[in-house]
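First comes the structure, then the notes that go with it.
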Amino acid sequence: EATLFSKEAIHDALLTRNFKHYGQANETYLGADGGSSFLIDPDDPKNIIDKLLSGTAQEDISRFPSEAQEWLECLVRTSTTEISIDISEDDFIRHYKNMPEKKM
């Protein structure tokens, strides 16, 4: 372990650390390097997003390890009721007025 003092050394160490840290998910089954990312890519015509949401993707995910299957099964939509995302001007103003100026 070394103590870094120069701006350049700190910058380089952070870039190296962050590249490895934030890239960890790329190695997972649905990560960019995992070979199955197309299954959840909304732009890929072979995606299974609708099957995952409806709970009918068992055959598609059966090749994954049990822990990955369990995680994917948690993505099943439990409610089919549409939730309105419309917000009135009054709601926006009320929310904006109640926001703290400084985030904690």
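Quick caveat, the model's predicted, so the values are computed rather than measured.
- To the nearest 0.5 Å, atom CD of residue Glu89 and atom OH of residue Tyr96 are 14.0 Å apart.
- Two different hydrophobic clusters hold Leu53 and Leu39 under the rule that ILVMFWY side chains link at heavy-atom gaps under 4.5 Å.
- The shortest heavy-atom contact between Ser37 and Gly31 is CB-O, 3.4 Å.
- For the pair Lys51/Asp60, a side-chain contact is recorded, criterion being any heavy-atom separation below 4.5 Å from C-beta on.
- Remark: the backbone N or O of Ile87 is not paired with any side-chain donor or acceptor of Asp91 at under 3.5 angstrom.
- Residue Glu70 qualifies as open at atom CD: its count of foreign heavy atoms under 6.0 Å is 12 or below.
- Val76 and Leu72 are assigned to two separate hydrophobic clusters, defined by single-linkage of ILVMFWY side chains at heavy-atom distances under 4.5 Å.
- Taking hydrophobic clusters as Ile, Leu, Val, Met, Phe, Trp and Tyr residues chained together by side-chain heavy-atom distances below 4.5 Å, Ile48 shares a cluster with Phe38.
- Here the CD1-OG distance, from Ile49 to Ser54, works out to 12.0 Å after rounding to the nearest 0.5 Å.
- With Glu27 contributing its side chain and Asp33 its backbone, the two residues share no donor-acceptor pair below 3.5 Å.
- The NE2 atom of His95 sits 13.5 Å away from the NZ atom of Lys97 when rounded to the nearest 0.5 Å.
- The line from CD1 of Ile61 to OH of Tyr29 is 12.5 Å long, rounded to the nearest 0.5 Å.
- Although no hydrogens or angles enter the test, the distance criterion places a donor-acceptor pair under 3.5 Å between the side chain of Gln58 and the main chain of Gly55.
- The local environment of CD in Glu59 is sparse, with at most 12 non-hydrogen atoms from other residues, nucleotides or ligands closer than 6.0 Å.
- Note that CG of Leu14 and CZ of Phe19 are 15.0 Å apart. Values are rounded to the nearest 0.5 Å.
- Residue-environment remark: NE2 (His21) exceeds the threshold of 12 foreign heavy atoms within 6.0 Å.
- Contact detail for Gln69 and Ser62: the closest heavy-atom pair is NE2-O, 3.2 Å.
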Please assess Phe64 against Leu30 for the test side chain to side chain contact (heavy atoms under 4.5 Å, CB included), listing each intermediate value before the final yes or no.
-> CA-CA 10 Å; Phe64 293 144; Leu30 297 171; 4.1 Å; yes
Please test Asp41 against Lys46 for side chain to side chain contact (heavy atoms under 4.5 Å, CB included), starting from the C-alpha separation and ending with a verdict.
-> CA-CA 8 Å; Asp41 181 352; Lys46 298 180 302 266; over 6 Å; no
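- Looking at Ser6, its side chain does come within 3.5 Å of a backbone N or O of Ala9 through a donor-acceptor pair.
- A donor-acceptor pair under 3.5 Å is formed between the side chain of Asn47 and the backbone N or O of Asp44.
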